[in-house]
**Q** 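Have a look at this one.
Proteins come first, then strands; the chains are lettered A, B, ... in the order of their sequence lines, and each starts at number 1.
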Amino acid sequence: MPLDLSAIHPHIRALVDLQRPEERMRLLREARSVLQRADPDKVRDNLEVRNKRYPWLVANPLHSLGDTFPVPPLPVGGYSVAASDGSNIPPDRHSPVRYCILNVSKVVLAYGENPMASLTSVTEMLYKEEDLSLDGKPLKGELLGAKMAVRELEVLLETALALSAPRVALHDGTLILWPLQNQPDPVRDRFTRPFRRALDGFRAERIPLLSYISYPSARDLCNALRVALCDTETSECKTCESDHRELCEFLGQLRDRELLQGVLEPGERTDLFATVSDVVREYHGHDIVFCYLDVGGEIARVEMPKWVAEGEEALNLGLGVVLDQCALSGDVPPYPLALMEAHEAAVIDVAMRTVVEELVEGEFAQRGLPYIRSGKDRSKRRRGV
Amino acid sequence: MTERIGEIIETDSFTFVAESFALNRPPALGSLVKAQAGGDTWVYGVVAFGETVSVDPGRGAMRRSRPDAYDEAVYTRHPELEHLLHTKFTVIPVGSRVGERMSQRIPPQPPPMHYSVYACAPDEVREFSERRLYLRTLATAQLPAPVEHVLAAHLTWTYEQRGRDEAWLEQAALEVAGLLQQDVERLLAVLYAVDPEA
């Protein structure tokens with residue numbers, strides 16, 4: 001028994017005490033009241049005109065801060081949805097050879113007169129040195145994450161292009177390549193260029209592209225309320241004596257999904273907000289916009305290129321498809337069915353990982369080459385007593 | 001050539017399992033089918049079990065119906081189910097044919113993995129069931145379902161395929177009576193089930 005539960009138990013109660021439910025409810029009511037009455041112009045003004053820098057992400061309202069809208073029902077006659085997700089076997093430090101497997105799913109679900117489904121994936125093996133490192137940096141961690149995000153978007157475009165309208169493309173997670181945030185320009189460019197090309201493709205073919213984030217941890221909207229409440233520089237926060245200080249600190253800890261719980265009704269969305277991120281600037285004209293959507297049991301964040309948000313038809317079709325896909329999932333809280341199947345089609349399970357390793361090992365053996373894994377790895381696998 | 005109805009996905013000397021090409025429609029329980037075993041060799045067997053399950057054992061089926069969409073409508077609303085579910089049927093090999101020569105012995109080798117399973121045409125059923133030595137093989141096989149139900153299903157199915165051949169059914173019932181004489185309850189279950197008047 002490697003985990004001593006008795007050591008944790010007393011802390012669980014203390015953890016719950018920390019939540020201070022009554023105080024939290026009072027501050028939440030205040031925060032929601034600010035959401036209704038705060039001035040979006042002030043937020044825009046602070047972010048754009050005065051170009052103030054904030055050490056947190058702030059939602060930039062395209063219109064209002066607190067307005068909500070019901071998503072209109074989908075047009076009758078059905079639709080097609082494409083979805084994709086990815087899974088990988090990263091290069092293994094304990095293996096005598098370096099290779100990486102990418103598996104990106106291609107899922108199509110079509111409804112209407114001729115319902116059909118296609119659940120496949122595209123598998124790639126990278127093993128050449130130029131594919132396994134970028135500017136001397138090994139393809140792992142954040143870089144591998146960025147590589148996956150790019151391939152997923154490329155495969156999603158390819159999948160969606162084959163569909164007939166009305167069609168929607170659903171991406172899993174965010175459209176912002178966060179793993180690139182701290183990377184040098186040449187590395188960023190290697191990923192943002194093909195990502196941008198794929199975004200161009202969606203725009204050229206007018207395929208509404210939306211990405212879905214379940215149980216989002218973002219605080220962008222809460223931060224926008226802080227910006228609306230206060231004019232002072234964030235460097236002065238520590239010495240702040242404003243009446244809003246308590247609420248401002250609370251908003252700094254609050255997630256957008258918590259703020260919006262109960263503000264949105266099932267099937268409703270918030271207004272639209274632009275993301276403020278250095279990475280998105282490199283998408284050159286593909287601003288990323290988001291809203292929150294109550295999918296019935298959960299507040300999800302939906303991101304999309306700005307052109308989707310600006311076209312009422314594309315926006316309503318995209319969000320309508322997200323809601324319908326959530327309803328089809330049959331789960332509570334729901335999750336879009338197409339993304340669920342995209343995950344299932346992409347996942348490389350433990351048995352398959354073993355098969356890949358055995359194939360490589362077998363090929364080595366056939367050629368009479370030694371294949372010896374690290375001692376540490378062997379000891380973990382053997383686990384003798 | 002009759003219709004290809006499935007592909008073998010598990011195979012051993014005494015049983016093989018095929019995935020049906022039609023979801024939710026395995027061949028009838030007790031029906032005679034044949035599997036390609038390479039060249040002009042065929043393995044005959046009796047369907048002893050059918051089931052529809054999730055392709056991924058880790059993902060169980062869950063309720064998909066709604067008050068306004070159930071039964072067939074579930075499949076219209078969920079086209080992905082055709083890919084996530086599969087129908088399998090288990091066959092007990094009871095004979096074989098090499099060229100024109102038919103035998104009612106258990107084939108020396110199991111049919112190969114991924115080979116095709118076909119339905120048998122009425123003429124072929126008639127030819128194979130002329131002799132009934134295979135009923136003993138079926139009655140003593142390790143079945144995934146109670147033996148009396150498989151025997152009864154096979155007898156009634158064959159009776160129909162043979163154009164309601166009562167003489168054949170009578171003989172077959174007598175032979176089953178001999179095979180199950182130690183187990184009266186099972187025997188009665190078969191006899192009641194195959195009675196055309198029942």
Side-chain angles (χ1 to χ4, degrees), chain A residues 73-74 76-85 87 103 105-121 159 163-164 167 170 296 320-321 323-353, chain B residues 3-12 15-26 50-90 110 112-117:
Chain A
L74 282 169
V76 286
Y79 64 86
S80 302
V81 57
S84 126
D85 196 1
S87 178
N103 196 40
S105 56
K106 294 179 72 153
V107 163
V108 171
L109 299 175
Y111 305 91
E113 212 167 296
N114 298 307
M116 65 77 78
S118 167
L119 318 171
T120 57
S121 68
T159 313
L163 304 181
S164 48
R167 56 189 170 173
L170 280 189
V321 165
L323 285 176
D324 192 54
Q325 286 289 301
C326 282
L328 283 166
S329 82
D331 267 342
V332 179
Y335 185 71
L337 182 70
L339 288 177
M340 200 155 88
E341 295 308 336
H343 166 78
E344 293 291 341
V347 78
I348 309 174
D349 62 19
V350 177
M352 201 45 88
R353 285 168 198 269
Chain B
E3 188 193 0
R4 269 177 81 229
I5 56 171
E7 177 185 320
I8 296 174
I9 54 169
E10 288 174 41
T11 177
D12 64 43
T15 309
F16 63 88
V17 178
E19 182 170 327
S20 169
F21 295 143
L23 185 64
N24 286 323
R25 282 189 292 118
E51 61 179 334
T52 298
V53 291
S54 171
V55 172
D56 180 349
R59 285 181 84 187
M62 54 190 272
R63 185 170 67 85
R64 297 286 182 188
S65 67
R66 301 189 326 185
D68 60 339
Y70 49 88
D71 301 342
E72 190 56 36
V74 168
Y75 289 89
T76 312
R77 279 178 56 81
H78 288 277
E80 75 280 6
L81 290 177
E82 289 281 342
H83 302 264
L84 302 179
L85 298 172
H86 63 171
T87 296
K88 304 192 288 182
F89 56 93
T90 305
M113 185 73 97
H114 297 305
Y115 271 47
S116 303
V117 180

**Q** Over all heavy atoms of both residues, which pair between B:P79 and A:A110 is shortest? Give the atoms and the distance, please.
**A** CG-O, 3.7 Å

**Q** Assess the residue pair B:R64 and A:L328 against the criterion (side chain to side chain contact (heavy atoms under 4.5 Å, CB included)); give the C-alpha distance rounded to whole Å, side-chain angles, the decisive distance to 0.1 Å, and a yes or no.
**A** CA-CA 8 Å; B:R64 297 286 182 188; A:L328 283 166; over 6 Å; no

**Q** Has A:R353 got more than 12 heavy atoms of other residues, nucleotides or ligands less than 6.0 Å from its CZ?
**A** yes

**Q** So how far is it from A:M340 CE to B:E80 CD, rounded to the nearest 0.5 Å?
**A** 7.5 Å

**Q** Would you mind checking which part of A:A338 comes under 4.5 Å of any heavy atom in chain B, side chain (CB onward), backbone (N, CA, C, O), both or neither?
**A** neither

**Q** What part of B:E82 gets closer than 4.5 Å to chain A, counting heavy atoms only: side chain, backbone, both or neither?
**A** neither

**Q** Counting only heavy atoms closer than 4.5 Å, note whether B:R63 contacts chain A via side chain, backbone, both or neither.
**A** neither

**Q** Measuring from atom CG of B:L84 to atom CD of A:E344, what distance do you get when rounded to the nearest 0.5 angstrom?
**A** 8.0 Å

**Q** Could you tell me if the side chain of B:H78 sits less than 4.5 Å from the side chain of A:L109, heavy atoms only?
**A** no

**Q** Would you find more than 12 non-hydrogen atoms of other residues, nucleotides or ligands less than 6.0 Å from A:M352 atom CE?
**A** no

**Q** Would you mind telling me which of A:V107, A:T120, A:L119 makes a side chain to side chain contact (heavy atoms under 4.5 Å, CB included) with B:H83?
**A** A:L119

**Q** When rounded to the nearest 0.5 angstrom, what is the spacing between CG in B:D56 and CG in A:D349?
**A** 8.0 Å

**Q** May I ask you to check whether over 12 heavy atoms, not counting those of B:Y115, lie within 6.0 Å of atom OH?
**A** no

**Q** Quick check against the 3.5 Å criterion: does B:R77 have a side-chain atom that pairs as donor or acceptor with the backbone of A:Y111?
**A** no

